[in-house]
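Structure first, commentary second.
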Amino acid sequence: NAGVTQTPKFRVLKTGQSMTLLCAQDMNHEYMYWYRQDPGMGLRLIHYSVGEGTTAKGEVPDGYNVSRLKKQNFLLGLESAAPSQTSVYFCASRLVGGGSISEQYFGPGTRLTVT
Amino acid sequence: GNSVTQMEGPVTLSEEAFLTINCTYTATGYPSLFWYVQYPGEGLQLLLKATKADDKGSNKGFEATYRKETTSFHLEKGSVQVSDSAVYFCALSYSGAGSYQLTFGKGTKLSVIP
């Protein structure tokens with residue numbers, strides 16, 4: 001049981017390039033989330049999904065797109081990377097039940113640098 | 001909207017010292033409250049949680065009590081160890097939107113020296 005995995009672990013992009021971050025979970029969780037972590041800012045929600053085929057915007061969605069074609073995968077895309085998107089990106093997942101007390105399980109993160 | 005405020009770091013303590021990290025929140029309704037911990041180079045792990053007023057969450061010697069009257073969820077440990085060095089995040093989850101999003105504080109970095 002690998003839990004939540006993220007690919008790649010590190011990436012350097014030039015301004016204007018595009019890339020996709022992959023998140024995969026093997027816990028059969030319905031809910032999946034993408035966060036970004038910046039120094040002194042905590043974690044902020046980018047997009048989330050409450051089930052296969054669904055996505056919704058979070059707190060900081062501009063410049064990102066997401067897709068949830070399969071229940072176990074949640075992809076985060078940057079169409080035209082900007083230096084402001086330099087950050088550490090975390091994926092998380094949780095069960096649909098349990099109400100607000102049910103915990104989110106986090107992946108190890110992807111460190112992205114845009115030059 | 002919902003928000004979480006936690007004490008600014010970094011915090012440096014000697015081994016076996018008492019730890020308190022303050023956390024207060026603003027939320028509509030009745031959120032669940034969490035403390036997550038991030039060890040160097042890793043993702044976040046749940047440390048403890050509480051779902052209603054006066055609940056106490058505890059794990060690995062850490063404790064926090066959900067205080068509705070003061071809208072607080074302060075993290076405490078009686079005797080810290082070097083292995084407790086990490087970044088600690090206070091967070092809340094509110095079910096009103098149906099997505100159970102977590103709203104995080106900015107994090108408090110703890111360093112414990114021998």
Side-chain angles (χ1 to χ4, degrees), chain A residues 2-7 9-10 21 23-25 29-51 54-61 66 68 74 88-111, chain B residues 1-10 21 23 25 27-53 55 57 59 64 66 73 86-109:
Chain A
V4 180
T5 58
Q6 294 182 231
T7 309
K9 286 185 170 47
F10 303 94
L21 282 67
C23 175
Q25 52 92 7
H29 286 171
E30 289 287 343
Y31 288 54
M32 296 187 75
Y33 308 83
W34 275 109
Y35 295 90
R36 58 177 290 172
Q37 182 182 29
D38 301 296
M41 298 290 291
L43 278 77
R44 292 179 293 169
L45 183 66
I46 305 171
H47 285 280
Y48 64 95
S49 168
V50 299
T54 74
T55 63
K57 294 180 180 180
E59 180 186 353
V60 289
V66 288
R68 184 97 181 269
F74 194 29
V88 181
Y89 292 86
F90 288 99
C91 177
S93 70
R94 58 156 281 169
L95 287 168
V96 67
S100 61
I101 197 59
S102 185
E103 72 176 277
Q104 291 186 18
Y105 294 81
F106 284 80
T110 295
R111 184 174 294 275
Chain B
N2 298 335
S3 66
V4 174
T5 302
Q6 61 182 103
M7 66 186 275
E8 298 281 333
I21 301 177
C23 171
Y25 67 90
T28 53
Y30 301 97
S32 294
L33 301 174
F34 302 81
W35 278 99
Y36 278 84
V37 59
Q38 183 180 30
Y39 298 104
E42 298 184 11
L44 278 71
Q45 305 173 23
L46 179 67
L47 181 60
L48 53 84
K49 61 186 179 182
T51 190
K52 61 184 187 297
D55 267 3
N59 186 25
Y66 191 144
F73 193 53
V87 180
Y88 293 82
F89 292 94
C90 186
L92 68 82
S93 176
Y94 177 55
S95 61
S99 65
Y100 303 106
Q101 302 172 36
L102 284 171
T103 298
F104 286 90
K106 294 183 178 181
T108 302
K109 183 175 181 179

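In the text below, chain A, chain B and the rest are named by the order of the sequence lines, each starting its count at 1.
- From K57(A), atom NZ reaches atom CD1 of I46(A) across 13.5 Å, with rounding to the nearest 0.5 Å.
- Between F89(B) and F104(B), the two ring planes are perpendicular [angle over 60°; tilted spans 30° to 60°].
- In this structure, chain A has a heavy atom under 4.5 Å from the backbone of A50(B), while its side chain stays farther away.
- To the nearest 0.5 Å, atom CZ of residue R94(A) and atom OH of residue Y105(A) are 10.5 Å apart.
- Top candidate by heavy-atom pairs under 4.5 Å with chain B, chosen from Q37(A), M41(A), Q6(A), is Q37(A).
- Atoms OH and CZ, on Y48(A) and F74(A) in that order, are 10.0 Å from each other to the nearest 0.5 Å.
- With a 4.5 angstrom heavy-atom cutoff, L43(A) touches chain B via backbone and side-chain atoms both.
- In this structure, CG in L95(A) is found 11.0 Å from CD in Q104(A), a value given to the nearest 0.5 Å.
- Contact count versus chain B (heavy atoms, under 4.5 Å) is highest, among P108(A), G107(A), C91(A), A92(A), for P108(A).
- Each of L33(B), V87(B), L44(B) has some count of heavy-atom pairs under 4.5 Å with chain A, and the biggest count is that of L44(B).
- Of the two parts of Q6(B), neither the backbone nor the side chain holds a non-hydrogen atom closer than 4.5 Å to a non-hydrogen atom of chain A.
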